[in-house]
Amino acid sequence: MTTAEPELVTVPIPPRVPTERIVDVAERQPTLAESSVPRLRLFGQLPGHDFRGLHVHGTLGAGGMGQAFLASHRVLRVPLVVKTFQSATPVQIFREAHLAARVSSSRVVGVLDAGVEDGVPFVVQRYVDGIDLEELLYRQRASGLRLPVDFVCRLMLDTAEGLRAIHQAGVIHRDVKPANLFLGGDGTAFVGDFGIAMEVLDADADDRVVGTPQFMAPEQWMRGTIDARADLYALGATSHLLATNTPPFQGDTPVALGMAHVYQAYVPPAPRDPREAYLFAVVQRMLAKRPDDRYASADAVVRALEVVAQPGERLLTHHPDRATVGPLTLELVVGDLATEEADVIVCAANTRFDGDGGVAASLQRAGGDEIAAEARAQRPDGAAMGDVVWSGAGALKAKHVAHAVAAVEGAVCLQRCVLRALLGAEARKARSVALPALGTGIGEVPMAQAAKLMLESFRTFAWMHPASVRSLRVVLLREHDRDCWREVLRAM
């Protein structure tokens, strides 16, 4: 999850590039550089340090406003996100934190703490172990695939449930889009980033053009009165994009795009089956030009989507060590990952790719030093938690190695890594993937927890209906480890 500063858009953002917000220049808040607030002395140096009782492990992302770090609570040992800001006023940031904190929902990324440290505002929020939907779209496009309608319906249902809670808390999000929606490894979607959210009571007082062009409702472009139905319009635009890989309206300039949103009628694509026809009928109503012609509330959208939403793919156990999930076969084996034959071998890496012990050292000994050297060449300054860096396989019986930085001292990016590794394997047309029990070595993740998180991620990936990947093999070091995986597999 990264921070992104609202910026003036002068050209449309290409589909493969993260979309930006727009804000009227005349209405912008002063930046920290324009204020008297001093810069945080530890800014950019937090990894490896403690921050207000949290141990910071690495950078999750960076943007114009600041940086986001993965941290863990020293006592509870749960992962959290710390955001530090360098180009926004504390009032602006704390308004965002306040609005997010007062929303109580399992479908919304919660804010846990906020304040000023060494002169710079910070926010601590819940960590979603997964990827945002913009990244998911990018990776699906790279594989030439579209998301299945069942998967899109479930993502949008979760998002609508999050918006229902947000609106019931008296908040309008104003920036619903794939980059602000997060997919957990268990297949659940969450609403995050309240950067331009506003109080319902303030809707008439804000006449700025604020939002992300591809998802802004006509009334936002026309500087009209904004209410919760603007978020439903953005949800409709997001749904269309997720289902088709293209936005519902296009324009060569922001003005042209705005004109399309205001005047061009939405024409749903030809459906491939009745379920898709129903989804696009829901999308068409959400994209109505007049707010009164849309659904009256997010709760109404929830009820509409519940009609077609289905549970995800099931793990079907055919043998204590073998199962199927959607188009995938899963096998549990005891052995040496370095001797496995697979198109992709996933390596449990650290942030430096130095092969210091465990699975990484074993693969480096068998495959050659060039495997780690290639990974380091791509990330000479080291990787962030949750990153997956690809290299050749050297002398290993594989085509590719995916170096996954999954966990450190109980701070877990395990499902993010599994999803990225599997989506990357699909983009490389791989048929088979061999994985260790990620995070269970120096990452200090309990074996049963790793099994649950990885199996959930396998199930979520299978729900995307991959076209190439067919075989997943989990390679465990000891028979005791396999017994643990068998038990978790049976329970799922």
Side-chain angles (χ1 to χ4, degrees), residues 105-108 133-134 136-137 140 145-168 172-183 187-191 211-212 214-220 226-250 260-312 463-465:
S105 172
S106 60
R107 298 292 183 262
V108 177
L133 298 191
E134 184 173 70
L136 176 61
L137 276 171
Q140 287 293 101
L145 299 175
R146 284 169 57 175
L147 291 172
V149 62
D150 286 346
F151 192 62
V152 174
C153 286
R154 175 55 58 176
L155 294 177
M156 293 303 95
L157 175 59
D158 289 348
T159 302
E161 290 177 349
L163 289 176
R164 177 174 60 188
I166 290 169
H167 298 160
Q168 288 174 350
I172 306 170
H173 190 281
R174 291 201 300 178
D175 205 19
V176 177
K177 60 183 179 181
N180 291 339
L181 306 178
F182 302 92
L183 171 66
T188 302
F190 305 84
V191 183
T212 300
Q214 284 187 358
F215 310 96
M216 287 166 56
E219 60 268 28
Q220 289 176 277
I226 307 297
D227 63 22
R229 291 171 294 182
D231 286 346
L232 303 186
Y233 184 95
L235 178 60
T238 297
S239 302
H240 178 97
L241 178 58
L242 290 173
T244 66
N245 284 344
T246 59
F249 301 105
Q250 301 191 43
H261 278 284
V262 173
Y263 297 111
Q264 183 179 322
Y266 171 70
V267 179
R272 295 172 293 184
D273 55 53
R275 300 173 66 76
E276 196 168 72
Y278 183 91
L279 172 64
F280 285 127
V282 174
V283 170
Q284 186 171 25
R285 185 169 176 184
M286 286 193 285
L287 287 175
K289 303 303 181 186
R290 296 176 63 250
D292 288 345
D293 294 333
R294 298 173 205 153
Y295 289 97
S297 66
D299 183 65
V301 177
V302 168
R303 287 185 272 110
L305 290 172
E306 283 177 336
V307 174
V308 290
Q310 298 289 319
W463 202 0
M464 300 176 200
H465 296 181

Which residues pass the salt bridge (charged side-chain N to carboxylate O under 4.0 Å, His left out) test with R154, sequence neighbours left out?
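Testing R154 for salt bridge (charged side-chain N to carboxylate O under 4.0 Å, His left out), a comparison that skips the adjacent residues, returns none.
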
According to salt bridge (charged side-chain N to carboxylate O under 4.0 Å, His left out), who are the partners of D292, at least two apart in sequence or on a separate chain?
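Only R229, R290 meet the salt bridge (charged side-chain N to carboxylate O under 4.0 Å, His left out) criterion with D292.
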
*Is there a donor-acceptor pair under 3.5 Å between the side chain of D175 and the backbone N or O of G211?*
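Not confirmed, D175 side chain does not pair with G211 backbone.
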
For the pair N245 (side chain) and L145 (backbone), establish whether a donor and an acceptor sit closer than 3.5 Å, ignoring hydrogens and angles.
->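 Judged by distance alone, yes, a pair lies under 3.5 Å.
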
- Query: Considering all heavy atoms of both residues, which atom of A298 and which atom of L232 are nearest to each other, and what is their separation?
  - Reply: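 Nearest pair, atom of A298 first, then L232: CA-CD2, 3.8 Å.
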
Contact list for residues 264-304, test ring-ring contact (aromatic ring centres under 6.0 Å, His included), sequence neighbours left out:
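Checked against ring-ring contact (aromatic ring centres under 6.0 Å, His included) - neighbours excluded - the pairs reaching residues 264-304 are H240-Y266.
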
Any side-chain heavy-atom pair of [X] and [Y] under 4.5 Å:
X: F151; Y: L136; result: yes
X: N180; Y: H173; result: yes
X: L155; Y: L181; result: no

* Just jot down the side chain to side chain contact (heavy atoms under 4.5 Å, CB included) partners of A217, sequence neighbours excluded, or say none. =>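 Side chain to side chain contact (heavy atoms under 4.5 Å, CB included) list for A217, sorted by chain: E219, Q220, A230, Y233, R294.
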
Review point. Does T188 have any side chain to side chain contact (heavy atoms under 4.5 Å, CB included) partners at least two apart in sequence or in another chain, and if so, which?
Key: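 Partners of T188 by the side chain to side chain contact (heavy atoms under 4.5 Å, CB included) criterion, ordered by chain and then number, come out as R107, D158, D186, F190.
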
Name all residues meeting the side chain to side chain donor-acceptor pair (under 3.5 Å) criterion together with R146; count only those two or more places apart in sequence or in a different chain, and write none if there are none.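 R146 satisfies side chain to side chain donor-acceptor pair (under 3.5 Å) with no other residue.
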
